[in-house]
*Asks:* 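One structure is given below, represented as structure tokens, and several questions about it will come after.
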Amino acid sequence: MNTENIRVRFAPSPTGYLHVGGARTALFNYLFAKAAGGKFLLRIEDTDRTRFQEDSLNEIFESLKWLGLDWDEGASVGGDFGPYVQSERLTLYKEHAEKLLADGSAYKCFCTSERLEQVRKEKELRKEQHGGYDRKCRDLSAEEVNENIDSGMPYVVRLKAPLDGSISFEDMIRGIIETPVNMVDDTVLLKTDGFPTYHLASVVDDHFMKISHVMRGDEWIASTPRHVLLYKAFGWEMPVFAHLPVILSPTGGKLSKRKGAASVMDYKKAGYLPEALFNFLTLLGWNPGDDREIMTVSEIIASFSAKKISSKPAVFDEQKLEWMNGQYMETYPAEKLAEEVIPLWRERGLSVDDTEYAAGVVRLLQVRSKRVTELAETADYFFKDPTGYDEKQAGKQLKEAVKPALDKLTAELPAIKWEREDIEGTIDSVAASLEMSAGKIKPALRLAVTGVGGGPDLLDMLLHLGKDCSVRRIKNASDYIG
RNA sequence: GUCCCCAUCGUCUAGCCUGGCCUAGGACAUCGCCCUUUCGAGGCGACGACUGGGGUUCGAAUCCCCAUGGGGACGCCA
């Protein structure tokens, strides 16, 4: 296969948000295209008017872009094979349904939804819930068909599936999959409202958009025989199919909204970095063939191979995502992180007006923060004096014994140069003069300055907070003791 | 119910195609120790898996069959 002609697509339907399972499918398509020097397209499958949601499209675009999955061709960016929105291609589907009708590969069916429902119920009662439609209209005579049409009966177009034998296709990651034909019913191709079903629309579009590889979720495996039938009926060359394993929730079953944050944007809101989610999702069902885990996009692309895609479903382990995000937090450019955090700080009511100071805060906290939101929530003391002290820590550290030290520091610190060595030297000399160890004073200083027990290096904090602020807080702590 | 897919530590996985190098490797989580003025940070270490049963073979995590378990499909949804 000429790699120039590798073309893959992600084809979501605008029925809601983009969840991580869908994002992973998009991601693998993206990686496959980039690794092969091919094209990644985005097609919108909006053929179900009842489930359409207006703002869904924006959410999907936004999610993909946030993750860095930019498409070369498709909805909102255009290309030579558009339109890329199925509701704008209705006549094409209709023409092709007509074609199948004309050569006997499909037929018109006048059964009502009510009758279909009835048939399903009866089958269920008899415990033979398979095979689908009972093919009542399959052998209607031309007269009957005309009569029905003349009397204005609505109809659907159904595929005339073979009655015996089996259908097989080769899946890129699973090998040959063979399905007995009795599992393939006479699927609806064109609905009464003139819209195509997924089966017709995706086959027609994949053909005309010159899609070389169809990579999609493995819930489509069972439908693929129908698609094979359609390709044969049209006389078209089939794309290569690759069915990706689903992502499971830690509690078992498909990952869903109900089982925790499942949409891409939810993860953004929870404070995850796009690079980390990207990296994490990549490793859900794929590996580079060695022990690398933290990898840049270009490293991933360089070592991406569809052969390494696993065929078994993976559980979405949020703890590992969090760890990975922490790895990205550590090395993320502070200025860039600050852009994310400053709005969150402001939301908490902190006044942040010096972006350079803010970036400095980020530098001090990013190493020990796993999520952007965590960083946002643990930085209050950099912007306002502590309003209280952690009770447990205060009981231990802010005792009578350290008060003299705090007082002495309050007195001596204002006179020194606010540099690391000078501060540390002052602390040491104060400690020595009181016959205490510096190790006794430092935890108290930390508490005085931040109000809490943990955090960045004490000296780093004092330096960043500045002299006036530090001294003021130390005095406050001394007053607190009594 | 019928059909399809899948099966290595709790989780993500390497190894499986091309049997021996596997007393099964890495990562997350957990636990312990160390470092540190503190810490959800860092360092070191421990715990921990080939679903079961048959076969093939000198030899099976690796190949075959069955069972079991999990997932999916069975819509005028995608």
Side-chain angles (χ1 to χ4, degrees), chain A residues 11-15 45-48 50-51 109 111-113 116-117 120 123-124 126-133 154-158 171 174-175 177-180 182-185 187-199 201-202 216-225 243 245-246 248 250 252-254 280 283-294 307-308 310-324 326 330 365-370 374 378 393 397 427 437-447 450 452-459:
Chain A
S13 53
T15 55
E45 312 221 320
D46 58 344
T47 56
D48 184 352
T50 63
R51 292 206 306 158
C109 167
C111 293
T112 62
S113 309
L116 262 20
E117 184 58 30
R120 257 194 294 278
K123 285 205 171 191
E124 203 166 333
R126 294 204 305 273
K127 298 230 176 226
E128 50 171 274
Q129 199 188 347
H130 66 92
Y133 179 55
Y155 64 86
V156 300
V157 175
R158 284 185 184 273
D171 186 278
R174 284 161 219 269
I177 295 176
E178 190 170 1
T179 314
N182 66 336
M183 289 309 292
V184 183
D185 68 348
T187 324
V188 172
L189 264 21
L190 209 60
K191 311 177 211 175
T192 29
D193 63 3
F195 276 68
T197 58
Y198 171 85
H199 308 293
S202 70
R216 69 217 322 184
D218 71 3
E219 69 267 23
W220 290 108
I221 291 179
S223 303
T224 306
H243 289 98
V246 289
L248 267 24
K254 250 174 131 173
F280 178 73
L283 260 18
L284 234 43
W286 178 84
N287 71 81
D290 52 45
D291 286 341
R292 281 135 80 217
E293 292 204 305
I294 305 294
K307 280 205 182 72
K308 299 292 291 180
S310 162
S311 53
K312 72 171 197 187
V315 174
F316 192 94
D317 181 5
E318 188 141 355
Q319 276 187 313
K320 184 148 183 179
L321 202 216
E322 193 167 55
W323 164 78
M324 189 168 278
E330 268 191 62
L365 292 174
Q366 64 185 140
V367 185
R368 62 199 74 235
S369 301
K370 290 195 166 148
E374 185 188 357
T378 53
Q393 291 295 321
Q397 309 296 354
I427 293 172
S437 76
K440 262 253 181 302
I441 302 175
K442 284 176 172 178
L445 277 178
R446 166 180 296 283
L447 196 60
T450 68
V452 294
D457 177 82
L458 178 64
L459 271 301

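Throughout, protein chains are lettered first and strands after them, A, B, ... in sequence-line order, and every chain is numbered starting at 1.
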*Asks:* Using the P atom on both, measure B:rU51 against B:rA46 and round to a whole Å.
*Replies:*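 Taking atom P in both B:rU51 and B:rA46, they lie 24 Å apart.
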*Asks:* Select base, sugar-phosphate, or nothing to describe what A:K370 touches, counting heavy atoms under 4.0 Å on all strands.
*Replies:* sugar-phosphate
*Asks:* Give the rounded distance in Å between these two atoms: CG of A:L284 and C1' of B:rU11.
*Replies:*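 About 10 Å, once rounded to whole Å.
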*Asks:* Go nucleotide by nucleotide along RNA chain B from the 5' end; which of A:A438 and A:K312 gets its closest nucleotide reached first?
*Replies:* A:K312
*Asks:* Is it the case that B:rC76 (base atoms only) and A:T197 (side chain only) share a donor and an acceptor within less than 3.5 Å, ignoring hydrogens and angles?
*Replies:* no
*Asks:* If you look at every strand shown and take non-hydrogen atoms under 4.0 Å, does A:K308 touch a base, only sugar-phosphate, or nothing?
*Replies:*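 Here A:K308 touches the backbone only, sparing every base.
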*Asks:* Could you check whether A:E178 gets within reach of a base, just the sugar-phosphate, or nothing at all, counting any heavy atom under 4.0 Å?
*Replies:* sugar-phosphate
*Asks:* I'd like the C1' distance from B:rC47 over to B:rU30, given in whole Å.
*Replies:*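 Comparing C1' positions in B:rU30 and B:rC47 gives a spacing of 8 Å.
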*Asks:* Answer with base, sugar-phosphate or nothing: what part of the nucleic acid does A:T47 contact at a heavy-atom distance below 4.0 Å?
*Replies:*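 The answer is sugar-phosphate, as A:T47 gets under 4.0 Å only of primed atoms, P, OP1 or OP2.
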*Asks:* So does A:R174 reach the base of B:rC5 with its side chain, donor to acceptor, closer than 3.5 Å?
*Replies:*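 By the distance-only test, no, there is no pair.
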*Asks:* Would you tell me if any nitrogen or oxygen in the side chain of A:K320 comes within less than 4.0 Å of OP1 or OP2 on B:rU30?
*Replies:* no
*Asks:* Name the nucleic acid region contacted by A:V156, choosing base, sugar-phosphate or nothing; use a 4.0 angstrom heavy-atom cut-off, strictly under.
*Replies:* base
*Asks:* Could you check whether A:G285 gets within reach of a base, just the sugar-phosphate, or nothing at all, counting any heavy atom under 4.0 Å?
*Replies:* sugar-phosphate
*Asks:* Applying a 3.5 Å limit to both distances, which nucleotide forms a Watson-Crick or G-U wobble pair with B:rG52?
*Replies:* B:rC66
*Asks:* Sticking with atom C1', work out how far B:rC31 lies from B:rC22, rounded to a whole angstrom.
*Replies:* 27 Å
*Asks:* For B:rA27, which nucleotide in any strand shown is its Watson-Crick or wobble partner with both distances under 3.5 Å?
*Replies:*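 B:rU11 is the nucleotide pairing with B:rA27.
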*Asks:* Could you check how far CG of A:D291 sits from C1' of B:rA27, rounded to whole Å?
*Replies:* 8 Å
*Asks:* Taking the side chain as every heavy atom from C-beta outward, state whether A:R174 and A:P245 have any pair of such atoms under 4.5 Å apart.
*Replies:*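 Side-chain contact under 4.5 Å: yes.
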*Asks:* Reckon A:C109 touches a base, only the sugar-phosphate, or nothing at all at heavy-atom distances under 4.0 Å?
*Replies:* nothing
*Asks:* In whole angstrom, give the distance that lies between atom CH2 of A:W286 and atom C1' of B:rA27.
*Replies:*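 So the two atoms are 15 Å apart, to the nearest Å.
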*Asks:* What is the distance from CD1 of A:I177 to C1' of B:rG71, rounded to the nearest Å?
*Replies:* 14 Å
*Asks:* Using whole Å, what does the distance between atom P of nucleotide B:rA41 and atom CD of A:Q366 come to?
*Replies:*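 For the pair A:Q366 CD and B:rA41 P, the rounded distance is 15 Å.
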*Asks:* Out of B:rU37, B:rG75, B:rC28, which has the shortest distance to the side chain of A:R446?
*Replies:* B:rU37
*Asks:* Can you tell me how far P in B:rA49 sits from the matching atom in B:rC4, rounded to whole Å?
*Replies:*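 Between the two P atoms, the distance is 34 Å.
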*Asks:* Would you please confirm or rule out a distance under 4.0 Å between OP1 or OP2 of B:rC76 and any side-chain N or O of A:R158?
*Replies:* yes
*Asks:* Check whether any side-chain nitrogen or oxygen of A:N287 sits under 4.0 Å from OP1 or OP2 of B:rU13, and answer yes or no.
*Replies:* no
*Asks:* At 4.0 Å (heavy atoms only), tell me whether A:Q319 reaches a base, stays on the sugar-phosphate, or touches nothing.
*Replies:*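 Sugar-phosphate, backbone atoms only, no base.
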*Asks:* How is A:S113 classified with respect to the nucleic acid when contacts are heavy atoms under 4.0 Å: base, sugar-phosphate, or nothing?
*Replies:*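 Here A:S113 touches the bases of the nucleic acid.
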*Asks:* Atom NE2 of A:H243 and atom P of B:rG71: how far apart are they, to the nearest Å?
*Replies:* 20 Å
*Asks:* Figure out the CE/C1' separation between A:M324 and B:rC12, and round it to whole Å.
*Replies:* 9 Å
*Asks:* According to the interplanar angle, ranging from 0 to 90°, do the rings of A:F316 and A:F280 count as parallel (below 30°), tilted (30 to 60°) or perpendicular (above 60°)?
*Replies:* perpendicular
*Asks:* Can you confirm whether A:K191 is buried at NZ, in the sense that more than 12 heavy atoms of other residues, nucleotides or ligands lie under 6.0 Å from that atom?
*Replies:* yes
*Asks:* For A:L458 and B:rU38, give me the distance from atom CG to atom P, rounded to whole Å.
*Replies:* 11 Å
